[in-house]
Novice: 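This is the structure I have questions about; it appears just below.
Quick note: numbers below take in every heavy atom, side chains included, and nothing from hydrogens, waters or symmetry partners.
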Amino acid sequence: MARIVRHNDESVREGYIRNGGKEVKLFTSALKAFQCNNRIAMAQRKHLDDFLCGRIIRRLECGRTQLEVSEELGIAQSVISRLWQRFQDDGNVSRCYSTGCPRVTTPNEDQYLAVTAKRSRRSTASDLSRQLSSSTGTTVSRQTVYRHLGHIGLYARRSVRCVPLTATHCRL
């Protein structure tokens, strides 16, 4: 990958890039085009993969500066700084993916919901949410209870609107 090695700071009329092992001299228009293309490529990058994060951390542990590493790999210095800070804080560089709303119930409360729903098969999701809030103090909506029970395979939690059959109905 080609990268800028040095340029004349006073007038920026010429610069040198290193492509492979050779240094190539560029003049103003070509240098600006190279810098512009390099910025676009850096702006399009989304997340660093774990292998690249490991390479960055190893280079920083070897004693290289953040600026040297950022120039070598073509990554912004602020990204390297945040990665290094995260590594120093908890010793881990992998991203924690968390999408959506935070969980309202704990795993124990989910288990309590499941056991209660299995014990009383006729209770509705609203009944179960009231029972959970009275026993644990956690307020959960009817829809949340319905969704949590759906994950474990207990689906029909609607109130019964039909009249249950009696023994005389069965004889007919």
Novice: Are the charged groups of D127 and R130 less than 4.0 angstrom apart, N to O?
Specialist: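 Salt bridge present between D127 and R130.
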
Novice: Side chains of T116 and L132, heavy atoms from C-beta outward: is any pair under 4.5 Å?
Specialist: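 A side-chain contact under 4.5 Å is absent here.
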
Novice: Suppose the criterion is salt bridge (Lys or Arg N to Asp or Glu O under 4.0 Å): which pairs have a residue in residues 58-69, not counting sequence neighbours?
Specialist: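 Checked against salt bridge (Lys or Arg N to Asp or Glu O under 4.0 Å) - neighbours excluded - the pairs reaching residues 58-69 are R59-E72, R64-E72.
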
Novice: Can you check whether S81 reaches Q77 side chain to side chain, under 4.5 Å on heavy atoms?
Specialist: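 Yes, at least one pair of side-chain atoms sits under 4.5 Å.
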
Novice: Spell out, as yes or no, whether a donor-acceptor pair under 3.5 Å connects the side chain of S120 to the backbone of A117.
Specialist: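 Side chain of S120 to backbone of A117, a donor-acceptor pair under 3.5 Å: no, none is there.
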
Novice: Taking the side chain as every heavy atom from C-beta outward, state whether V140 and S133 have any pair of such atoms under 4.5 Å apart.
Specialist: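 Result no, sub-4.5 Å side-chain heavy-atom pair not found.
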
Novice: Is T136 close to N108 at the side-chain level, that is, under 4.5 Å between some pair of heavy atoms?
Specialist: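 Heavy-atom side-chain distance check fails, nothing below 4.5 Å.
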
Novice: Would you check if D110 and I152 make a side-chain contact, meaning some heavy-atom pair closer than 4.5 Å?
Specialist: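 Not touching, per the 4.5 Å side-chain cut-off.
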
Novice: Determine the minimum heavy-atom distance between S129 and V145, stating which atoms define it.
Specialist: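 In this case the closest contact between S129 and V145 is CB-CG2, 3.7 Å.
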
Novice: Should L149 and L128 count as side-chain neighbours, where that means a heavy-atom distance under 4.5 Å?
Specialist: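 The answer is yes, as the side chains (C-beta and beyond) meet within the 4.5 Å cut-off.
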
Novice: Got more than 12 heavy atoms from elsewhere within 6.0 Å of CD, Q111?
Specialist: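 No, because the 6.0 Å sphere around CD of Q111 holds 12 heavy atoms or fewer from other groups.
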
Novice: When you measure from the side chain of Q88 to the backbone N and O of Q85, does any donor-acceptor pair fall under 3.5 Å?
Specialist: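 Not at all, since once roles are kept as given, no pair shorter than 3.5 Å links the two residues.
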
Novice: Can you tell me which residue pairs pass the ring pair (Phe, Tyr, Trp, His ring centres under 6.0 Å) test with a partner in residues 121-144, sequence neighbours excluded?
Specialist: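 Passing the test, one end in residues 121-144: no pairs.
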
Novice: Would you check if R86 and D89 make a side-chain contact, meaning some heavy-atom pair closer than 4.5 Å?
Specialist: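 Counting from C-beta outward, R86 and D89 never come under 4.5 Å.
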
Novice: Is any side-chain heavy atom of V69 less than 4.5 Å from a side-chain heavy atom of Q66?
Specialist: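 Side chain of V69 against side chain of Q66, heavy atoms only: no contact under 4.5 Å found.
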
